[in-house]
Amino acid sequence: MAVTAKQPVSPDEPFSILDDNGHLLPGAVAPPIPDADLKRLYRGLLLVRIMDDRMLRLQRQGRLGFYMTSTGEEATHLGGVYPLTLDDWIFPSYREPGAAFWRGYTLKEFICQLFGNAEDLVKGRQMPVHHACRRINYVSISSPVGTQIPQAVGAGWAAKISKKSDVALVYFGEGATSTGQFHVGMNFAGVYKAPTIFFCRNNGWAISTSRDRQTAAKTFAAKAIGYGMPGIRVDGNDLLAIISVMNTAVQRARDGEGPTMIEAVTYRRGGHSSSDDPSVYRDPNEPKKWEPRDPITRFKGYLETKGLWTEAWDTQIRDEINAEISEALKAAESVGPPAPDTLFDDVFADLPWHLAEQKQQLLDEIAAAGGVRKLSAH
Amino acid sequence: MAVTAKQPVSPDEPFSILDDNGHLLPGAVAPPIPDADLKRLYRGLLLVRIMDDRMLRLQRQGRLGFYMTSTGEEATHLGGVYPLTLDDWIFPSYREPGAAFWRGYTLKEFICQLFGNAEDLVKGRQMPVHHACRRINYVSISSPVGTQIPQAVGAGWAAKISKKSDVALVYFGEGATSTGQFHVGMNFAGVYKAPTIFFCRNNGWAISTSRDRQTAAKTFAAKAIGYGMPGIRVDGNDLLAIISVMNTAVQRARDGEGPTMIEAVTYRRGGHSSSDDPSVYRDPNEPKKWEPRDPITRFKGYLETKGLWTEAWDTQIRDEINAEISEALKAAESVGPPAPDTLFDDVFADLPWHLAEQKQQLLDEIAAAGGVRKLSAH
Amino acid sequence: MPVMNIIQAVNDALRIEMRRDQRVVVLGEDVGKFGGVFRATSGLFEEFGPDRVIDTPLAEAGIIGSAVGMALYGLRPVPEIQFADFIYPAYDQIVNELAKFRYRSGGQYPAPVVIRTPYGGGIRGGHYHSQSPEAYFVHTPGLKVVIPSNPYDAKGLLLSAMRGEDPVIFMEPKRVYRAARGEVPEGDYTVPLGQAKIVREGKGITVLAYGAMLHTVIEAAAKAAEAGIDAEVIDLRTLLPLDLETVLTSVRKTGRVCIVHEAPRTCGYGAELAALIAEKALTSLEAPIERVAGFDTPFPYTLENEYLPSPERVMASMRRAVEFQ
Amino acid sequence: MPVMNIIQAVNDALRIEMRRDQRVVVLGEDVGKFGGVFRATSGLFEEFGPDRVIDTPLAEAGIIGSAVGMALYGLRPVPEIQFADFIYPAYDQIVNELAKFRYRSGGQYPAPVVIRTPYGGGIRGGHYHSQSPEAYFVHTPGLKVVIPSNPYDAKGLLLSAMRGEDPVIFMEPKRVYRAARGEVPEGDYTVPLGQAKIVREGKGITVLAYGAMLHTVIEAAAKAAEAGIDAEVIDLRTLLPLDLETVLTSVRKTGRVCIVHEAPRTCGYGAELAALIAEKALTSLEAPIERVAGFDTPFPYTLENEYLPSPERVMASMRRAVEFQ
Ligand SMILES: Cc1ncc(C[n+]2csc(CCOP(=O)(O)OP(=O)(O)O)c2C)c(N)n1
Ligand SMILES: Cc1ncc(C[n+]2csc(CCOP(=O)(O)OP(=O)(O)O)c2C)c(N)n1
Ligand SMILES: [Mg+2]
Ligand SMILES: [Mg+2]
């Protein structure tokens, strides 16, 4: 199936390029990607998978407060971001760290954020998995679901007003499509032809709420019709298919033709977060059904057919990744918490009297306690 | 064109039964309506037209603070409400008074609300045109656009939960489709198959904002797809067509098949409100183009073909209506303002101490001024 | 008497009322099969079925908007907002619609909706799982605002709220959801809205608090007693309408006041309390009223213990008030 | 110097800044060709075109949400919310997003958005065209809140707000939009945020107000003068950050205070002012602080003059304070 901007909504069957073994489907055309990039992309997928495993284990050991995994959805991270340049903007939700790594967010920065320590780029102000990194145009993540959607429209639109060709990519789950924010964002983007790409990771679940409780629409992509923009349904576990539809969407956006909505059909194989126990609300066999469609295995199969994958190389990069994580973890664990008086920075550009007064109170309190600041309990 | 519940979205051409002269279009079938009702409906349309003219004049004379007319949109009032029973609920916006009159809201009640006097059912608490009448299940109108939409879903859904067959009809303008409230309401209704009918009066304008700035969707009815419900586009100046599609929607709702969205294509011939001057933002010829499609003239033509209309009868009911309005106006003008201490009623079911204290303050103040309460300036 | 925590007490109240009154329905995100992310609605779906315990799409405006419509129709909806931090998408429905429905319709359309929502910090939740937005609702005419601090009150106040005729914002102190345990009578009883409770009598200073902070204050009062400060601790329980009488009686006795809440200080509920006390009992005041509150910053993550009023901070503030000449 | 009303002054400030700074864009409902329902953006569409003066669909969350995104990208959006009563659909974007962006991103993403919105009663607007929601924003860390009372300040404060690095809620007193006229310098000047202004010096009592109420207070002070009460009237101009110094200096001089605003009393901005003054200047107070405010009811229609603080009500309150022994 050819994906073109002309086609307003794809049929209900999501667009795939690879079969479950990573072989090209009959008639499918893979997007042109240099071999080196194919290998980097594979490594990018692996990094997310391994990082998630390790951080979740860390959380289980009580060394990390909270974590959220993306297992099974990694292709959406890399596929969304690969077709963009560093000037483009990402408005992420909490479940696309692979997009940040791809752009140069370091493992140490990532782990420092999880710890909320003094080297966390967001200064220990937000829960784990709420990253922000201006250097890579990776906008601050918010917990409230869907709020980033109209913001991404504003950023794309601002680029257009500023006569730049930058594109904004906004990620969200299928649960977010139920919010008013989704609606107003999509509608504004349609009206102003904002160069914004709406990337819906339909992973079947919003905490305990299944996809069919979220909407009576046949597909999420179908919602695009109501905003006068193309809606494309893509196999969310097929990295090549995602890159292909993203290429089309990015081209459209840069050509001034406006926004595109992409529904990537995938599956949340893990719990919603480290606090969640999905066995309470869903059949434990359901995730198992998605294992044969694993995005990493499928992409590996493709690399293999191209002669780019060997067992040895695989082992080598896994070892590398593990070593890098260990090193980053060690480095991050040696960083202390932010200084208490940083609590008052960045509320405003300056420090108004009432915050100065409160800051002094806190410093006095700490001094009165003999300079020994109690560490935040867990 | 036959309108059936099966058909998810009507084509872009709105469904009509009557031509501009009130003759049946080739192949069109008029919904079965007793002659007496046809005549009552005609009177209902006229009542709105005449009332609007008179109240707007009153406003221009400085005898009324504010007013909003429906000129050209009267068929949406009557067509929406005719297929319902009195047990069904109406969640109106400010531009469907004909629906209230049809159900027995009296002219005096209407005018007392405009004056906000002591006999106003809402006790002088809201601006003119914000009616509420529990007796006829006509729910309190809110100024914020779109808020009634999820509420109507809740009411319809509550009927379903309570195993009643009541239906909720919610009116809103096309501008309201841009709100988050529209989205969440439509989405909930789709998921729960709430017996709620979404009646969008697409009158082309939201104050100064034209329809094409409101959304890039081809039609408003098309938005229904995103919620898994049928969306029907109907000629909003054709009373019979509206009744016909409403009949289908009501049947669907009572049969447990869930919600329907109706887009009635019409036109706001007057200003947004008595405070508005549309010549600043739209071509004065635009409203003129819609005059030949006037819903009252068209319906009159239909009555004529059925031998139900005569010039004499027309004059007679116009005179009747005018006399009734004069009488109601006179009665309403003789009613004084609400007593000052009613300010504190109905905030809660009871009167907590802080409101009792404030009430006493006001009464003391009035007593101190010699019992002469200054009248609200205008 | 069974010992319960606050979650169990809330759950018990919901079950009792749903059995007693067919009109009561519970709706919200993940409240059904899952029983709520904090498990407050656990077991209700099984007992009352999907028509009365409703998992909704992810849209707070839809939850509250449809709850308003249900209430108008005659049901008694008890929506849950998963965290108070996520209540703002429904803000318009709450402050412009729910709060004003009875008034704006001239009394024709009451909308008795009880919104339950966990609030407050101390659970390592950062900005968006820690907020205490009670002042926004207290400032909105037409809403009652209730915050229990313990299981007994949670059950009794919730039952009162569900049987009342007014909209209620019922905020649950999630920090002590499980930690605050106590005896709770089986079956039906109510704690009336609008009555504060003196939880510790004392002559030296009046300390006002509610919700999770009550526990911090009790700890502080115990420490203070060792230092010879005899605190009278009042659990306000209902923020609106406030039980001003109980507050003023105490202040007239002690002459000194310390108000504690975790919401930001500026324009917080403590401001209203301080203003009221200074208005009605100025001549009784022997020291400036102390406010111990969250700082005027967004709620932090790592430094939340620095942010939140601690027993030490409350104690220091009590000392300042008591030592003031 | 030209004489202007507040609308003209706002319009002038917008035009000056849009000429000076290409990054400034105006967006909102009906702000383009129509020039805004109050005409505050009149002529801007013609001068700056549809890319910088943008008519939006009817969705406040979209207006503010996209303004936030524009600001992150580097523009300087100045969205208009048609009436403050309609700001709540954007409440989540304002209090959870705009206010916290700089903080939550560790300073990486400031979002300098200036939200203009007409507020307040006295125009026969009922519940939904009359509200004064300033306290909601003052209670939200991360927002500055500005309310001018006259054309000179409106222009100078708006220019400051647009040149600042922080989000600002800029509330315009629509009741005196046209009635408050005065000389306004041509061209560029600023009035800094955070500075109150003593508009009438006096020794007997300090009266604090802002926005439309300032005019009510001035009328009251004139009447009071006839009755021998010498009021010092302070126009706060910026509610956050508050110019506490000016307030306290006055209170220490007069010993008596009357605070006036039209928003509901309970948890209104007056509560914070009263609490602060009682905290910082208790021993200077010779009488309880008077608060004259809107009643704790939704804003009414017919009885709005009974609802709103009148010069007589302010005067009576000043008298109470002055006569207190
Ligand atoms: C406005 C809001 N309401 C509720 C929540 C609680 N919550 C956090 S994630 C989530 C589910 C999100 O599901 P989805 O959008 O599908 O994303 P996914 O987690 O599947 O990636 C919910 C309800 C929230 N964060 N924000
Ligand atoms: C939330 C909200 N925003 C803005 C307004 C101001 N306003 C009143 S009516 C209106 C236009 C409504 O247009 P539409 O929905 O098409 O209804 P119509 O007036 O055409 O019947 C606007 C913007 C409002 N009342 N509520
Ligand atoms: Mg999901
Ligand atoms: Mg319209």
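Reminder, nothing fancy here: chain letters follow the sequence lines and each chain counts from 1.
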Donor-acceptor under 3.5 Å (His183(A) side chain, Thr177(B) main chain): yes
Closest approach of Ala217(A) to Ile225(B) (non-hydrogen atoms, all atoms of both residues): CB-O, 3.8 Å
Non-hydrogen atoms of Asn187(B) and Ser178(A) that approach each other most closely: ND2-OG, 3.2 Å
Non-hydrogen atoms of chain A under 4.5 Å away: do they reach the side chain of Phe220(B), the backbone, both or neither? neither
Counting only non-hydrogen atoms closer than 4.5 Å, does Gln214(B) touch chain A with its backbone (N, CA, C, O), its side chain (CB onward), both, or neither? backbone
Would you mind checking which part of Tyr192(A) comes under 4.5 Å of any heavy atom in chain B, side chain (CB onward), backbone (N, CA, C, O), both or neither? side chain
